[in-house]
Amino acid sequence: MFIPDKVAAAKKINEFLQAVVTHGGLRFKYRIVVDPPIPEDRDWEKPEILVDFSGPDSTLLLDRGGELLRALELLALEMLRLPSGEHEKISFDCQNHRAQRIHELRMAASVAAEKVRKTGTPYQFSPMSSRERRIVHLALREEADLITQSEGEGMRRCLVVYPKDHKGAVKPATRTLP
C-alpha cells in the first residue's frame, strides 16, 4: 500500500507543523522530503514522506526518548487518517535520533539473543512501539536457533525472544530499554 497523493499529504503535514511551531512558540525548523532516498542497509523502514527537524529547540523533541517527536508524528498520522499498517510511510526524525535508536535496538537484540542462548530462558523486552518491535524482529530474523514473538495488548505489547525448541511457560527475564 502507498499514500495516494504524497504531495497533498506533505502539504497537510506542513500546515500542521507551521501551526505547532507558531502557536507553540517553538524554535525549530523542519524539512519535508517526499520519496526520500533510503540507504541500502535500512530494510526496516521505507518512508514515503520524511520530516527532519533541526534548530535550538530540537532537544525538546528528543527529551524523554523522543516522546514529543513521536507525538507529533502520531498526530500527523491521525490527521492524514492512515491505517496503522501504513504508519511506516511517514517518518519524523531529529538529529539522526531514529538511526541512533535503531542501533540501540539492534544492540539490545544481540544482547538478548546471547542471553537466551546462554540460559535457554526466554527474554522479554519492555513494552515498545510496533516500529521498534519490528526492528528487533528483523535484527534477529536470521538467527535459526531463536524465535521472536510479540505478546501483550496495546501499550503493554512487548517482544519476547525464545529458544527455537522452547516448551513450557517459563517467565522470561525482563529488560528495560534505554
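In terms of the side chain to side chain donor-acceptor pair (under 3.5 Å) criterion, Ser58 has no residue partners (sequence neighbours excluded). For Asp5, the side-chain contact (heavy atoms from CB on, under 4.5 Å) partners are Val7, Ala8, not counting sequence neighbours. Gln100 pairs by the side-chain contact (heavy atoms from CB on, under 4.5 Å) definition with nothing, not counting sequence neighbours. Qualifying salt bridge (charged side-chain N to carboxylate O under 4.0 Å, His left out) partners for Asp35, counting only residues two or more places apart in sequence or in other chains: Lys6. Annotation: side-chain contact (heavy atoms from CB on, under 4.5 Å) contacts of Asp52 (sequence neighbours excluded): Arg31, Asp93. Considering only residues two or more places apart in sequence or on other chains, His103 meets the side chain to side chain donor-acceptor pair (under 3.5 Å) condition with none of them. In this view, Pro127 and Arg156 satisfy the side-chain contact (heavy atoms from CB on, under 4.5 Å) rule, not counting sequence neighbours. Applying the side chain to side chain donor-acceptor pair (under 3.5 Å) criterion to Ser110, with sequence neighbours excluded, gives no partner residue.
Across all non-hydrogen atoms, the minimal contact from Phe28 to Ser54 is CB-O, 3.0 Å. In this structure, Pro122 and Val116 approach most closely via the heavy-atom pair C-CG2, 4.3 Å. Closest non-hydrogen pair, Cys158 versus Phe125, comes out as CB-O, 3.2 Å. Looking at every heavy atom in both residues, Val136 comes nearest to Ala109 through CG1-CB, 4.0 Å.
Remark: Leu26 CG to Phe53 CZ distance equals 9.5 Å, nearest 0.5 Å. To the nearest 0.5 Å, atoms CG (Leu140) and CG (Leu159) are separated by 7.5 Å. Here the NE2 atom belonging to His97 is positioned 9.5 Å from the CD1 atom belonging to Ile102, to the nearest 0.5 angstrom.
Under the 3.5 Å distance criterion, the side-chain polar atoms of Arg133 are matched with a main-chain donor or acceptor of Met128.
Residues Leu69 and Leu62 meet the side-chain proximity criterion, which asks for heavy atoms closer than 4.5 Å. Counting only heavy atoms from C-beta outward, the side chains of His166 and Ile147 never approach each other to under 4.5 Å. At a threshold of 4.5 Å between non-hydrogen side-chain atoms, the residues Ile49 and Pro47 do not count as touching. For the pair Leu61 and Leu72, the minimum side-chain heavy-atom distance is below 4.5 Å.
The same ILVMFWY cluster, assembled from side-chain heavy atoms under 4.5 Å apart, contains both Phe92 and Met79. Under the 4.5 Å side-chain heavy-atom criterion for Ile, Leu, Val, Met, Phe, Trp and Tyr, Leu80 and Leu50 are members of distinct hydrophobic clusters.
Residue pairs meeting the salt bridge (charged side-chain N to carboxylate O under 4.0 Å, His left out) criterion with at least one partner in residues 66-85, sequence neighbours excluded, are Arg64-Glu67, Glu73-Arg98, Glu73-Arg131. Within the structure, every pair that satisfies the salt bridge (charged side-chain N to carboxylate O under 4.0 Å, His left out) test and touches residues 117-129, not counting sequence neighbours, is listed here: Glu114-Arg117, Arg117-Glu143, Arg117-Asp145.
Within a 6.0 Å radius of CE in Met107, other residues, nucleotides and ligands contribute 12 heavy atoms or fewer.
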Ser130/Arg157 under side-chain contact (heavy atoms from CB on, under 4.5 Å): CA gap, chis, key distance, verdict: CA-CA 8 Å; Ser130 60; Arg157 195 150 173 85; over 6 Å; no
Would you tabulate the side-chain donor-acceptor contacts of residues 9-16 under 3.5 Å, counting partners in other chains and residues two or more places apart, or write 'none'?
residue, atom, partner, partner atom, Å
Asn14, OD1, Tyr30, OH, 2.7

